[in-house]
Structures are given as C-alpha cells and as structure tokens.
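Please read the structure below before turning to the comments.
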Amino acid sequence: MEIGMIIETTELSKRYGHQTAVKDLSLRIKEGEIFGFLGPNGAGKTTTLLMLLGLTQPSGGSATVCGLDPVRMAREVKRHVGYLPENVGFYGDMDAVQSLEYVAALNGIGNKGAREKIDDLLDLVGLKGDARKKTGAFSRGMKQRLGIAEVLMKDPTVLFLDEPTLGLDPEGAIQMIGLIQSLNQSRNITVLLSSHNLSQVQRISHRVGIMIAGSLIAEGSIDALAEASFGVGEKEYSLEEVYLKYFQEV
Amino acid sequence: MQGLVAVFRKELQDQLSSYRFVILFALIAMVSFITSYMAAVHMRENLESLTATRFPFLMLFSTPGVMFSMVQFVAFFGPLIGLVSGFDAINRERAQGTLIKVISQPVYRDAVINGKFLAGVTTIAIMFTAILLVISGFGLSLVGVVPGVEEILRLFIYLVISIFYIAFWLGLSILFSILFKSIATSALASVALWIFLSFFVSLGAEVAANTVVPIDRKNETPPEAVLQHARIQEAVSLCSPMVLYSNATATIIDPMRKTTRSIILMGPMEELLSTRFQNPLALGQSLLVVFPHMIALIAITVICFAISYAVFMLQEVRT
C-alpha cells in the first residue's frame with residue numbers, strides 16, 4: 001500500500017454474467033480527502049462502493065481499504081467504513097434512538113457507550129428534538145441525517161456516501177454538504193462521495209473521478225481535469241463543464 | 001456473534017410485538033382451548049371408561065372434540081404460524097433498504113438469516129410452550145387428573161416435534177422470501193406449497209399407487225397387489241411433512257398406538273403386538289416407532305434452512 005493512501009484499487013473489475021459493471025478500475029484515494037465519484041446512472045459507482053465494502057465479490061483485480069483486503073477481511077473493513085446507501089432504509093416502527101441503538105448493537109457497542117454517543121450524534125445531525133419520533137414519520141432530509149448519524153456510530157475512518165443529497169430540498173442539501181465537509185475537517189474522515197449534483201461536489205471535493213460505462217476515464221483535481229480537457233487558460237471552468245466535456249468525448 | 005445476537009434480539013422483539021403474532025396466538029389459543037374443552041367434556045361424560053386408560057391426561061390433546069383434536073389442529077394449521085412468521089423475512093428488508101444497512105455493519109452476512117431463523121423458532125417455541133402449559137392447567141382443573149411423569153415426557157417430545165415441524169415451514173417461507181422480490185409472491189408461493197404438501201400429496205399418493213398397481217374394485221385383486229398398492233401410497237404420502245408429523249405425534253401422544261402403518265402394511269410382529277398385547281407402549285418403544293419420522297422431519301427442516309442459507313449467501317448484493 002502506498003503511504004498516505006487509504007483506498008487503493010488495481011484493475012478492479014466486476015461482471016454480472018456478460019455485462020461488465022466495473023472495468024479495470026485503478027484508483028488511489030488519500031487519507032483525509034473528499035473524493036467526488038461522478039458518472040451517469042449505471043456507470044458502476046455503487047458497484048465499486050459495494051466491492052470496496054466487501055459486500056460483493058470482484059470478478060478481477062484487487063483492492064485495499066485502510067490497508068485491508070475487502071474480499072478476505074470484509075468484517076474488518078466494515079469496522080472502519082461507514083456506508084450511506086442511495087436509498088437509506090429504516091424500520092418505520094423504530095424511533096431515531098432505537099434505530100441508532102440497533103446500529104450500535106450491530107457494531108458491538110455496549111448500552112452505556114451507545115447512549116452517550118446517540119445523544120451526541122443526534123445533536124450533531126440536528127435531530128435531538130425528534131429523538132423519539134418514529135422514523136416512518138421522518139422526511140427524506142431527516143432520514144438522510146439519521147443515516148449519517150448511523151454511519152458515524154462506529155467512528156469510521158472512511159465514509160462512502162452514495163447520493164447523500166438525493167431528494168433533499170436546496171436548504172437540506174446545503175446542510176448535508178456542510179455536515180460532510182465539517183466531518184472531514186473536524187474528524188479527518190476520508191469521504192468517497194458519489195453524487196450527480198456537480199456543484200455540490202465541486203464545493204467540497206479535493207479531487208474527483210469520472211466514471212463512464214464501468215471505466216474511470218479521468219481522475220484528479222477539478223483544475224487539473226479542466227486543464228487536461230480545455231487546455232491552459234485564464235477561464236475557470238466549472239465541474240459541470242469539465243464533466244460534460246469528458247462525457248461528450250466518450 | 002455480536003451481529004447474530006443483535007439481529008436475533010431485534011427480530012424476536014419484532015415478532016413478539018407484532019400484530020400478526022398476537023392474532024395468530026389468539027387464534028391458536030382459542031381453537032386449542034375449544035378442542036381441549038370439548039375433549040375434557042367428552043372425558044367427563046365417559047369417566048367410567050377412563051379408569052381403564054393409563055394416560056387420561058394425554059387424551060386432552062388427542063381426543064377429537066366436535067371436529068378435530070388439538071394434535072390434528074396443529075398438524076393442519078401449525079404450518080401457518082411458520083409461514084406467516086417468515087414469508088417477508090428477507091424481501092421486506094430488501095424492499096425497505098434495511099438489508100444493505102445491516103450487512104454494511106461489521107457483522108457476518110449470515111448473521112441476518114441465522115438471527116431471523118432463530119428468532120422465528122424461538123417465537124414458535126414460546127407460543128407453543130405457553131399454549132401447551134395453559135391447556136394443561138386448563139385440563140387439570142376441568143378433568144382433575146394429574147399428569148404422570150411419562151405423560152409430561154410425552155408432551156415434551158410432542159412439543160419438540162411440533163417446533164421442528166413448524167420450523168420447517170418457517171425455513172420454507174424464508175427461502176421464498178429470499179427467492180422472490182415481491183412479498184405478495186412469496187406469501188402466495190408459501191401458501192400454495194403448504195396446500196399442495198398438506199392436502200394434495202395424499203391425493204397424489206392415491207393416483208401414483210393406482211398408476212403403478214391398478215386395483216380393480218369390481219374384480220378380486222391379488223393380495224400382493226393390494227399390499228404393493230398400499231406400500232406405494234404410504235411411501236408417497238410420507239413426502240408430506242404433515243403426514244410425517246401426524247404419524248409421529250399421534251404415536252407419541254397416544255401410547256396405545258403401536259405402529260404408524262396401516263393395518264394391511266403391518267409386519268408380523270406389529271400384528272402380534274396389536275392383537276395379543278393390549279397394554280400401552282412404553283415411551284422408549286413409542287420413540288423407536290416414530291424415530292424415522294422424527295429424523296425425517298428434522299432432516300427436511302435442516303435441509304430447507306440450509307438451502308435458504310446457501311441461496312442468501314450466494315445472492316449478489318444490489319442497492
């Protein structure tokens with residue numbers, strides 16, 4: 001493992017029958033960085049996240065997360081990585097506290113430790129006032145925030161966030177992005193952020209990777225990618241312009 | 001282990017606090033009470049003949065009331081408890097997005113299916129033990145006969161067989177909940193298989209026996225053909241878990257039953273036993289008679305769960 005790299009993949013591939021979801025993905029993500037993972041629907045972003053978590057077996061290649069092999073040491077990897085799926089699910093008959101207690105139990109956190117942590121996390125995500133409200137009555141934004149609280153329960157080193165702002169109103173999306181950024185800065189959590197909202201990704205990402213049809217076609221800082229695609233100039237390009245340029249080229 | 005315990009506790013809590021559990025429990029308790037009450041009334045009306053039997057307490061469970069005995073009722077409707085407990089075990093979690101959340105925690109993937117199955121079996125065990133104890137108490141006050149040690153042991157074995165029997169249906173419904181994405185489809189498939197295995201296998205057994213060894217009822221059929229016909233019919237019938245369970249429990253709960261076979265299929269020793277000796281079988285002997293049935297029931301339960309386990313573990317995770 002290269003020093004300072006928390007996620008490394010080498011020619012990582014995933015095939016479902018004859019369909020290739022991820023093709024020879026080689027990626028390096030530094031510790032403490034926010035990496036924007038971009039691409040259209042079906043590009044293979046979620047499949048990559050699942051492989052890095054050890055939830056699905058790669059068809060080829062290798063990966064390490066926090067220096068651990070997700071295929072052989074999936075449970076240890078999951079101890080370090082918090083994953084917020086695109087459609088985060090909750091048991092509707094549980095309230096926010098019960099939901100967090102269950103996640104704590106799954107992480108082997110004892111009752112006493114969990115109780116203190118739950119209070120802190122609900123405060124952090126702004127759900128303290130709704131602690132005893134059933135999650136079935138939560139709005140999308142509240143669910144996303146509770147999802148963040150759940151992934152923070154294990155004190156993760158790395159966060160995989162799959163479309164964390166999907167379905168949120170603009171204010172909720174801004175709050176969520178602010179929360180991700182503050183987690184990265186205050187706790188030095190590495191974030192792998194998969195999103196279609198390019199302006200938000202541009203706001204907080206240190207580097208981005210563009211994935212199309214299972215292949216990583218570009219990777220680097222937004223400025224570097226703009227330079228590579230538009231050449232050196234005085235104009236500052238937005239991530240959207242850079243992304244569309246790459247997309248059109250492919 | 002931490003994952004298994006967490007899933008088990010959550011599932012058990014869900015099962016015991018769910019409306020479906022309360023409704024099922026109420027239904028089974030009610031029918032069990034009625035059948036036991038009818039049996040007790042019948043026993044009180046025939047007190048004189050009861051003095052001849054050595055196990056009057058067990059008759060509470062084996063004597064048919066108006067329609068059926070408690071043992072028969074459990075054989076028919078017990079599977080519903082298993083099916084209702086498991087038909088949406090996995091696909092509901094998948095549909096509401098909680099499965100991915102659970103397995104992305106530092107737990108082994110099999111903690112989910114093991115925890116769910118164990119919680120289901122525990123719920124069944126709690127439900128059945130409670131009903132059996134309450135009915136025993138109810139019977140004690142109605143009939144006034146205290147059960148002996150052997151009767152208690154027989155009831156315990158009956159309880160264990162019943163738990164395995166219902167656990168088979170639970171395993172089957174969990175399998176369908178893994179195979180089918182739609183909850184309605186898995187429920188329908190579970191009920192369809194229950195109806196088929198419980199009601200149509202005996203019809204199929206008759207058809208199979210008639211196909212292999214046709215019996216002409218107008219003309220005289222050679223005894224060998226009748227015997228072979230009965231053998232085939234019984235062998236096919238044993239494909240039904242309900243037949244396995246009914247045979248096993250009827251022999252355990254009624255010590256006067258000395259075989260699980262029909263009269264024409266009895267061996268020479270069984271025939272001798274049933275005609276010459278009118279005493280009830282000892283518990284050990286009853287167990288020997290039903291041992292193959294018990295092993296078969298346990299085996300199909302284990303196989304059914306093993307298939308569910310393998311399918312669940314091999315399925316690709318998708319969000």
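Since the model is a prediction, treat every value here as computed from it, not as a measurement. In the text below, chain A, chain B and the rest are named by the order of the sequence lines, each starting its count at 1.
- Only the side chain of A:L53 comes within contact range of chain B, with heavy atoms under 4.5 Å apart.
- Looking only at side-chain heavy atoms (C-beta outward), B:I100 and A:N87 stay at 4.5 Å or farther from each other.
- The nearest pair of heavy atoms linking B:G3 to A:L106 is O-CD2, 4.2 Å.
- For A:M94, the part lying under 4.5 angstrom from a heavy atom of chain B is the side chain only.
- Closest approach of A:K78 and B:I103 over heavy atoms only: NZ-O, 2.7 Å.
- Rounding to the nearest 0.5 Å gives a distance of 9.0 Å between CD of B:Q96 and OG1 of A:T135.
- Figure legend: cation-pi geometry between B:K10 and A:Y91, with NZ or CZ positioned under 6.0 Å from the six-membered ring centre and within 45° of its axis.
- Shown here is B:F25, whose CZ atom has more than 12 heavy atoms of other residues, nucleotides or ligands within 6.0 Å.
- Other residues, nucleotides and ligands place more than 12 heavy atoms under 6.0 Å from the CZ atom of B:F8.
- The 12-atom threshold is exceeded at CZ of B:F117, counting heavy atoms of other residues, nucleotides or ligands nearer than 6.0 Å.
- B:K101 places a side-chain N or O within donor-acceptor distance of the main-chain N or O of A:G89, the cut-off being under 3.5 Å.
- Side-chain contact between B:Q105 and A:V103 is present, with heavy atoms from C-beta onward closer than 4.5 Å.
- Taking A:T56, A:N107, A:V151 one by one and counting their heavy-atom pairs under 4.5 Å with chain B, the maximum is reached by A:N107.
- Contacts between B:V102 and chain A at a heavy-atom distance below 4.5 Å involve backbone atoms as well as side-chain atoms.
- When side chains are defined from C-beta on, B:T98 does not count as touching A:Y102, because their heavy atoms never get closer than 4.5 Å.
- Annotation for A:K23: atom NZ does not count as buried by contact number, only 12 or fewer foreign heavy atoms lying within 6.0 Å.
- The local environment of OH in A:Y16 is crowded, with over 12 non-hydrogen atoms from other residues, nucleotides or ligands closer than 6.0 Å.
- Salt bridge present: B:E316 and A:K14 bring a charged side-chain N and a carboxylate O closer than 4.0 Å.
- A 4.5 Å side-chain heavy-atom check between A:L55 and B:S104 finds at least one atom pair inside the cut-off.
- In the displayed structure, B:R20 atom CZ is contacted under 6.0 Å by more than 12 heavy atoms of other residues, nucleotides or ligands.
- Proximity to chain B (any heavy atom under 4.5 Å) is shown, for A:E76, by neither the backbone nor the side chain.
- Within 6.0 Å of the CZ atom in B:F199, the count of heavy atoms belonging to other residues, nucleotides or ligands exceeds 12.
- For chain A, the nearby part of B:R109 is the side chain; its heavy atoms alone come within less than 4.5 Å.
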